Amino acid sequence: MTDPYSRFEIGRPDYLGDDHWACVEREADRLWRSLAADDGSQALSDIKCLVESISRVVLDIDGTPAAPNTGFETVVAQAHTLLTGQPGHQLANQSPFGQLATQASKIAKNLGGIRNEFGGGHGRARTPDLRDEMVALALDGGLLWARWALRRLGYFAEGRPTSLINDLVVTSQTFYSGTLERRLLAANLPALEPRHQRSIGVAVGQRVMRGTFVVRRDGLEPCLDSDDLNTWPRDYRLGLAYGLWFDPAGGLTLTAHSLEEALRVLEPVSDGADDLTEWVTRIEQLRLPGDLDEDYAASMAAEQFVRRWMTFRPAEEQSALTILANNIKPELSF
């Protein structure tokens with residue numbers, strides 16, 4: 001049988017961890033060996049295993065690993081749903097192309113049945129009638145979906161909340177210009193659960209307070225400049241404001257500058273009074289009333305900013321803002 005995939009190759013996605021790539025690469029190597037040995041029956045089994053490995057890696061990265069006995073079609077369908085619409089540089093998610101990807105997943109899901117009927121790994125009483133085109137079609141279909149999934153898998157891995165939060169505040173990974181912007185895009189903030197949006201916001205705010213300029217530029221300043229709750233959702237903003245005021249241990253990092261920035265971040269949020277009240281209560285517990293900054297003028301400006309801010313904020317926030325303004329009111333300078 002002529003091997004139509006002598007030049008077959010899959011590339012490792014950027015940002016995919018070594019352990020996960022090793023699983024995918026192992027299945028790809030097995031497929032290579034089957035093709036080199038002209039073993040079409042085994043190649044059918046191997047392309048099915050390659051698709052399944054990629055799918056299981058997606059679910060593992062998502063934190064929802066598939067059970068060992070979960071059916072092949074179910075695993076592929078769940079992975080496809082997670083990867084559909086994944087943002088990333090040069091990825092095509094427009095409707096016609098999304099439909100192509102959906103059709104590719106339907107082809108890939110057929111590989112389980114094909115493997116059972118024609119593939120290797122089974123002791124058989126009769127040899128299946130396996131023709132060259134059957135192998136070619138299975139490889140075409142499986143590789144179409146596998147390559148689509150791999151193009152998204154690296155972005156998907158990089159954008160997971162746990163990974164991003166860990167790199168921001170736990171291991172304090174180095175962030176270069178554009179790194180956080182790319183990773184926030186990969187995280188697809190608007191589509192995340194609110195608790196994940198908030199957790200990422202907290203981590204960004206806390207990293208900003210450590211003085212990481214590029215994180216400020218990519219994760220705080222665009223949010224300050226926008227009132228769009230779709231691009232910068234409510235819970236990301238609440239988390240960001242919290243992170244500007246409190247460190248990971250719950251200690252206070254409030255400054256005249258971060259006070260103003262946090263309130264500005266929350267400008268489009270009209271239902272954050274409960275959170276604000278809780279934070280102000282904690283501030284009262286952590287600091288005595290008085291100057292917020294060694295510079296008297298900066299402290300006075302911060303208090304005046306809060307009192308001006310009160311004039312157009314919801315009634316539910318008035319009490320907390322009043323307490324905050326009183327707490328940071330500087331002592332008279334003589």
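This structure is a prediction, so every number in the text was calculated from the model and none was measured. Along the sequence shown, residues carry numbers from 1.
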Does [Y] offer a backbone N or O that forms a donor-acceptor pair with the side chain of [X] under 3.5 Å?
X    : Y    : value
Q318 : M310 : yes
D218 : G178 : yes
S258 : T255 : yes
S199 : H196 : no
T171 : N166 : yes
T212 : V214 : no
T281 : T277 : yes
Q197 : L189 : yes
Q78  : L59  : no
T311 : R308 : yes

Inter-residue atom distance [X].[atom1] - [Y].[atom2], 0.5 Å rounding:
X    : Y    : atom1 : atom2 : answer
I107 : L137 : CD1   : CG    : 9.0 Å
L244 : F246 : CG    : CZ    : 11.0 Å
L254 : L286 : CG    : CG    : 10.0 Å
S53  : E25  : OG    : CD    : 11.0 Å

Is any side-chain heavy atom of [Y] closer than 4.5 Å to one of [X]?
X    : Y    : answer
L192 : P161 : yes
F213 : V208 : no
R147 : L150 : no
D247 : L252 : no
E52  : V76  : no
R264 : C223 : no
L184 : Y236 : yes
I10  : V24  : yes

Side chain to side chain donor-acceptor pair (under 3.5 Å) partner of Q42, chosen from D38, D39, D46: D46
According to a hydrophobic-cluster definition based on side-chain heavy atoms being under 4.5 Å apart (Ile, Leu, Val, Met, Phe, Trp, Tyr only), do L240 and L185 belong together? no
Check the hydrophobic clustering (I, L, V, M, F, W, Y; side-chain heavy atoms under 4.5 Å; chains of links allowed) and say if L321 and M300 are grouped together. no
Before you tell me yes or no, could you show the steps for W279 and D274 under side chain to side chain contact (heavy atoms under 4.5 Å, CB included), namely the whole-Å CA-CA distance, both residues' side-chain angles and the distance that decides it to 0.1 Å? CA-CA 9 Å; W279 303 342; D274 289 344; over 6 Å; no
Carboxylate-amine/guanidinium contact [X] [Y], below 4.0 Å:
X    : Y    : result
R198 : D275 : yes
E267 : R237 : no
E317 : R313 : yes
R30  : E27  : yes
D271 : R234 : yes
E261 : R216 : yes

Output, in order, the C-alpha distance, side-chain angles, deciding distance and verdict of side chain to side chain contact (heavy atoms under 4.5 Å, CB included) for L139 and V135. CA-CA 6 Å; L139 288 171; V135 178; 3.8 Å; yes
Could you check T70 against R56 for side chain to side chain donor-acceptor pair (under 3.5 Å), going step by step and ending with a plain yes or no? CA-CA 10 Å; T70 303; R56 286 181 176 273; 5.2 Å; no
Should the heavy atoms of other residues, nucleotides or ligands under 6.0 Å from [atom1] of [X] be counted, would the total exceed 12?
X    : atom1 : result
K109 : NZ    : yes
D19  : CG    : no
F312 : CZ    : yes

Donor-acceptor side-chain pairing of R207 and S172 below 3.5 angstrom: no
Regarding T102 and S105, is there a side-chain donor-to-acceptor distance under 3.5 Å anywhere? no
Lys/Arg cation over aromatic F305: R307, 6.0 Å, 45° cone: no
Could you report the tightest heavy-atom contact between [X] and [Y], atom names first, then the distance?
X    : Y    : answer
A146 : I54  : CB-CD1, 3.7 Å
V169 : A203 : CG1-O, 3.4 Å
P13  : G154 : CB-N, 3.6 Å
E158 : S163 : O-OG, 4.5 Å
A302 : L292 : CB-CD2, 4.3 Å
G243 : M209 : O-CG, 3.7 Å

Pair T64, D62 - check side chain to side chain donor-acceptor pair (under 3.5 Å), show working. CA-CA 5 Å; T64 56; D62 185 55; 2.9 Å; yes
Under 6.0 Å between ring centres: does that hold for W245 and Y242? no
Report the C-alpha distance between H80 and W145 in whole Å, list the side-chain angles of each, state the deciding distance to 0.1 Å, and finish with yes or no for side chain to side chain donor-acceptor pair (under 3.5 Å). CA-CA 9 Å; H80 184 85; W145 186 84; 3.1 Å; yes
Tell me, which pairs form a side-chain hydrogen bond (donor to acceptor under 3.5 Å, both in side chains) where one or both residues lie in residues 283-295, sequence neighbours left out? R287-N327
Results of ring pair (Phe, Tyr, Trp, His ring centres under 6.0 Å) for F175 - residues two or more places apart only: none
Name the residue from D167, L168, I200 that meets the side chain to side chain contact (heavy atoms under 4.5 Å, CB included) definition with R183. D167
Trace of the side chain to side chain contact (heavy atoms under 4.5 Å, CB included) decision for L238 with L266: CA-CA 7 Å; L238 286 166; L266 296 176; 3.7 Å; yes
Which is it for F72 and V51 under the side chain to side chain contact (heavy atoms under 4.5 Å, CB included) test, yes or no, and what are the steps along the way? CA-CA 9 Å; F72 173 75; V51 168; 3.9 Å; yes
List in chain and number order the residues that pass side chain to side chain donor-acceptor pair (under 3.5 Å) with D18, two or more places apart in sequence or in another chain; answer none if no residue qualifies. R12
Pair S319-T322, side chain to side chain donor-acceptor pair (under 3.5 Å): steps then yes or no: CA-CA 5 Å; S319 176; T322 299; over 6 Å; no
